[in-house]
2 protein chains.
Amino acid sequence: MAKARKQQEEELTEDLSTEEKIKEAARTVFTKKGYAATRTRDIAEEAGINLALLNYYFRSKEKLFQQVMSENIQKLFGIILPLVTDATTKLDVKIELIASAYIDLIRQNPDLPLFVLSEIRNNPVQFKNRVPLDKILENSSLIEQLKERRPDIHPVQFLLNVLALCVFPFVSRPIWLAAKVFDEKEFAAAMEDRKRLIPVWVKAMLKAK
Amino acid sequence: MAKARKQQEEELTEDLSTEEKIKEAARTVFTKKGYAATRTRDIAEEAGINLALLNYYFRSKEKLFQQVMSENIQKLFGIILPLVTDATTKLDVKIELIASAYIDLIRQNPDLPLFVLSEIRNNPVQFKNRVPLDKILENSSLIEQLKERRPDIHPVQFLLNVLALCVFPFVSRPIWLAAKVFDEKEFAAAMEDRKRLIPVWVKAMLKAK
DNA sequence: AAGTAATTTAATCATTTGATTAAATCCATT
DNA sequence: AATGGATTTAATCAAATGATTAAATTACTT
């Protein structure tokens, strides 16, 4: 499909269908196999296009990866940081919202956390530049509420706990499925249960002495 | 250093120093960068030997990887499965022992969990063949005790919780270090705190209604 | 329908990388 | 110190892979 704009000689506003198709294919393959194990030919095949077209649109594997990575980080952190900083919700409600939103998000993108964690480890500086986590957490509503509730324990310990309880089951999912401790359906049901259970558990942890 | 045995024409009992040196280098590089991103030349350099020597000892990158992977899985699961199946300890003690042993182990090998989880995802069948997790958990002491304590909740939910609280902080460590939420020393101290806190938290979770 | 720019492709290039080989070096035994 | 097997290396090969190019095709405008 040719572009429908000939007056715009400078433009970059592509007809999105092909470009998006490539990006989605790239997201699928990168997220499943990681950067190094992904061949651009795999992405092209997944997108149903030719290898050269991928470079025509994205210049290089690295540039394509950066775009996908950017959006993945945005997806994974964009959903939680607003909840963490929201000063209008009480602590217990925050935890319910975070658990529910996070489990829903990751259920739809089960490979996302392991991929993002791996790639952040490979390039922490890049992550730091994209997500100013220190600034966001500093004096965030959640951290303040945790300090107030349990001044004796570092507030990030509880943030770690909430994230751990939400994310770790998905990160370790291949283990439970391979070992047939759960099948796909049981796993999904267990994660659904956790949306209700995690807030109960975290409240109990906040009280525990 | 030449071998000190000339009568043994069939042998494989290498003088271990070089072979072990290569394997340790491989463990370091594989664990840090993953299989695909690791070049055999990197391993050779890390080991202070030539590339050909690596193939002389291990035949191929894949074979070397399998050995390292085997030992890594052994390390990560070998320490916890005996505790899970030990019928002589009470539930609360089990949790203390697991948390303490696991955090100690991972503190010494902080890249291990992310590496093993990634590679299990890449090849779940191989993992299944190496660790018969279903057989081990089935009627294991820990699972039985969890069923008895909380018949209303799937026992693996609590196993997930213990592992999540122990492992996830290390898996996400690059995030906290990059964002300067913790420096290395503070992170280590926080993990040390968790050896005491996790059993308290898990007991609270087991009571929570 | 012709012209034109956008899109797509097949073929090819250059580099990287896992692996091999033949020769050199080392070292215990004689 | 000469011998011979064990160990190590430099050089090279072959396949995989990211990227480029020039030509072919498509579809919109006139």
Side-chain angles (χ1 to χ4, degrees), chain A residues 1-30 32-69 119 122, chain B residues 1-30 32-69 119 122:
Chain A
M1 284 155 274
K3 292 184 192 175
R5 289 149 271 107
K6 65 173 183 184
Q7 274 88 2
Q8 309 171 299
E9 52 281 317
E10 82 295 344
E11 48 58 56
L12 276 177
T13 358
E14 305 295 323
D15 171 12
L16 289 195
S17 79
T18 294
E19 190 176 356
E20 272 304 315
K21 205 166 52 178
I22 296 174
K23 197 147 70 178
E24 278 315 304
R27 185 187 321 283
T28 303
V29 183
F30 276 138
K32 193 151 100 196
K33 320 211 318 188
Y35 179 77
T38 295
R39 298 177 309 144
T40 49
R41 284 163 173 80
D42 294 337
I43 298 175
E45 190 185 2
E46 173 84 21
I49 53 101
N50 187 283
L51 171 60
L53 189 57
L54 183 151
N55 286 291
Y56 172 81
Y57 274 110
F58 291 93
R59 296 268 304 161
S60 74
K61 178 186 179 182
E62 174 67 22
K63 291 234 171 62
L64 176 53
F65 175 74
Q66 289 306 336
Q67 289 205 26
V68 168
M69 188 61 187
E119 300 301 338
N122 293 346
Chain B
M1 284 157 276
K3 290 184 192 174
R5 291 148 270 109
K6 65 174 185 184
Q7 275 86 3
Q8 310 172 298
E9 51 282 318
E10 82 294 345
E11 50 56 57
L12 278 176
T13 356
E14 305 295 324
D15 171 14
L16 287 195
S17 80
T18 294
E19 188 176 357
E20 271 303 314
K21 207 165 52 179
I22 296 174
K23 195 147 71 179
E24 277 315 302
R27 187 190 318 284
T28 303
V29 183
F30 276 137
K32 193 151 101 196
K33 320 210 319 187
Y35 179 78
T38 295
R39 299 176 311 143
T40 50
R41 281 162 175 81
D42 294 337
I43 298 174
E45 189 184 3
E46 174 84 20
I49 53 100
N50 186 281
L51 172 61
L53 189 57
L54 184 150
N55 286 290
Y56 172 80
Y57 275 110
F58 291 93
R59 298 267 304 160
S60 73
K61 177 185 179 183
E62 174 67 21
K63 290 234 173 60
L64 177 52
F65 175 74
Q66 291 304 336
Q67 289 205 27
V68 168
M69 188 61 186
E119 300 301 339
N122 293 346

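- Between B:Asn50 and D:dA10 there is a side-chain polar atom (N or O) within less than 4.0 angstrom of OP1 or OP2.
- Using a 4.0 Å cut-off between charged nitrogen and carboxylate oxygen, A:Arg27 and A:Glu24 count as a salt-bridge pair.
- As rounded to whole Å, 14 Å separates atom P of C:dA11 from atom CG of A:Leu51.
- Look at OH on B:Tyr56: it is 13 Å from P on D:dG5, rounded to the nearest Å.
- Between the CD1 atom of B:Ile49 and the P atom of C:dA19 there is a distance of 13 Å, given to the nearest Å.
- Rounded to a whole Å, the CG atom of A:Leu53 is 11 Å from the C1' atom of C:dA6.
- Every residue was checked against the side chain to side chain donor-acceptor pair (under 3.5 Å) condition with A:Asn55, not counting sequence neighbours, and none meets it.
- Applying the salt bridge (charged side-chain N to carboxylate O under 4.0 Å, His left out) test to every pair with at least one member in residues 47-67 of chain A, sequence neighbours left out, gives no pairs at all.
- Not counting sequence neighbours, B:Phe58 has no partner by the ring pair (Phe, Tyr, Trp, His ring centres under 6.0 Å) test.
- The phosphate of C:dT8 (OP1 or OP2) has a side-chain N or O of A:Tyr57 nearer than 4.0 angstrom.
- For residues 41-50 of chain B, the pairs satisfying salt bridge (charged side-chain N to carboxylate O under 4.0 Å, His left out) are B:Lys33-B:Asp42, B:Arg39-B:Asp42, with sequence neighbours left out.
- Per the geometry, CG belonging to A:Leu64 stands 12 Å off C1' belonging to D:dG18, to the nearest Å.
- Within residues 32-45 of chain B, the residues having any heavy atom under 4.0 Å from DNA chain C are, by residue number, B:Thr38, B:Arg39, B:Thr40, B:Arg41.
- Every residue meeting the side-chain contact (heavy atoms from CB on, under 4.5 Å) condition with A:Ala36, not counting sequence neighbours, appears here in chain and number order: B:Ala36, B:Ala37.
- The distance from atom CG of A:Leu54 to atom P of C:dT7 is 15 Å, rounded to the nearest whole Å.
- Distances were taken from every side-chain heavy atom of A:Asn55 (C-beta onward) to each of D:dA19, C:dT8, C:dT21; the shortest belongs to D:dA19.
- Whole-Å rounding puts the B:Lys61 NZ to C:dA19 P distance at 8 Å.
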